[in-house]
Amino acid sequence: MLLAQITDTHIKAGHRLAYGLVDTAAFLEATVAHLNRFQPTIDAVIISGDLVDGGQPEEYTALRELLSGLKLPFFAIPGNHDERGNFLAAFADQPYLAGCEDFAHYTVEDYPLRLIGLDTTLPGKPYGWLCEERLNWLDETLAAQPERPTFVFQHHPPFETGVTFMDVQNLRNGAEEIAVLAKHRQVRHVACGHVHRPVETTIEGIGFSIGPNAAHSVILDLREKPEPSFTLEPPAIRLFWVSDDGNLVSHLSFVGSFDGPHPFYEPDGSLKD
Ligand SMILES: [Fe+2]
């Protein structure tokens with residue numbers, strides 16, 4: 001199984017630039033083309049929040065127009081830049097979101113890997129929070145299928161990254177979520193967004209990652225008080241490849257055209273010298 005993650009697309013209406021500089025629509029267009037042409041065919045795409053920049057209906061209209069070019073099934077959850085009601089209205093045609101009212105969380109049961117989309121948003125706040133209701137939902141949902149390898153995705157990471165100006169707006173009660181996850185040994189991975197950088201860690205034996213950004217990246221500055229800034233590093237997506245025996249491996253795939261591929265071997269089978 002091959003799963004792709006794109007995150008923090010921050011689409012604005014009328015092709016407006018994010019932060020007056022970033023053509024997020026053009027980045028998403030390039031990312032969609034990258035996903036469509038990737039071989040072997042990607043089974044599903046997760047979109048881990050901040051789909052639009054300001055949560056407005058017209059931004060979701062622009063987003064859906066861009067996503068209409070995606071030829072693969074996708075599963076989206078909101079981030080802090082989304083507005084839950086407008087997000088749900090914009091994706092009302094998506095069966096996996098049917099029944100979501102208070103929170104945009106759900107499971108996807110169609111793949112060898114069970115997918116759980118979590119909603120870590122707290123209206124009006126940049127940081128994330130999982131209230132008791134959502135923590136209980138996660139616990140009960142995991143308890144219902146203890147034998148199935150499970151992949152969780154959410155916007156706010158439940159851990160610190162060392163990028164301090166982003167860490168202050170991570171999932172504030174991440175320790176509570178990790179305590180729930182650690183009870184359920186079938187959880188293979190938790191994929192997050194929000195930080196606009198590729199990050200990986202292991203906590204309680206569970207692999208966690210943050211998706212790279214296919215538009216603007218948060219600056220990699222691990223000093224105590226950096227200036228909150230972004231860069232236009234090479235855009236990328238994360239791919240999760242699951243082997244037949246169920247092991248999950250993650251790769252970064254850079255979006256764009258690069259020199260190559262150049263074969264290692266001569267036509268006669270000898271290694272090029
Ligand atoms: Fe974001």
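First listed ligand is number 1; within each ligand, the first listed atom is number 1.
Crowding of D273 atom CG: a count of heavy atoms from other residues, nucleotides or ligands under 6.0 Å not exceeding 12. Crowding of E147 atom CD: a count of heavy atoms from other residues, nucleotides or ligands under 6.0 Å not exceeding 12.
Residue D8 approaches the Fe ion (ligand 1) most closely through its N/O/S atom OD2. The Fe ion (ligand 1) is closest to atom OD2 of D50 (considering only N, O or S atoms).
Side-chain atoms of D167 come within 3.5 Å of backbone N or O of T161 as a donor-acceptor pair.
Because the distance cut-off is set at 2.8 Å, H81 fails to qualify as a neighbour of the Fe ion (ligand 1), as none of its N, O or S atoms comes that close. At a threshold of 2.8 Å, the Fe ion (ligand 1) has a backbone or side-chain N, O or S atom of H10 nearer than that distance.
Using cut-offs of 30° and 60° for the angle between ring planes, the H216 and Y19 rings count as perpendicular.
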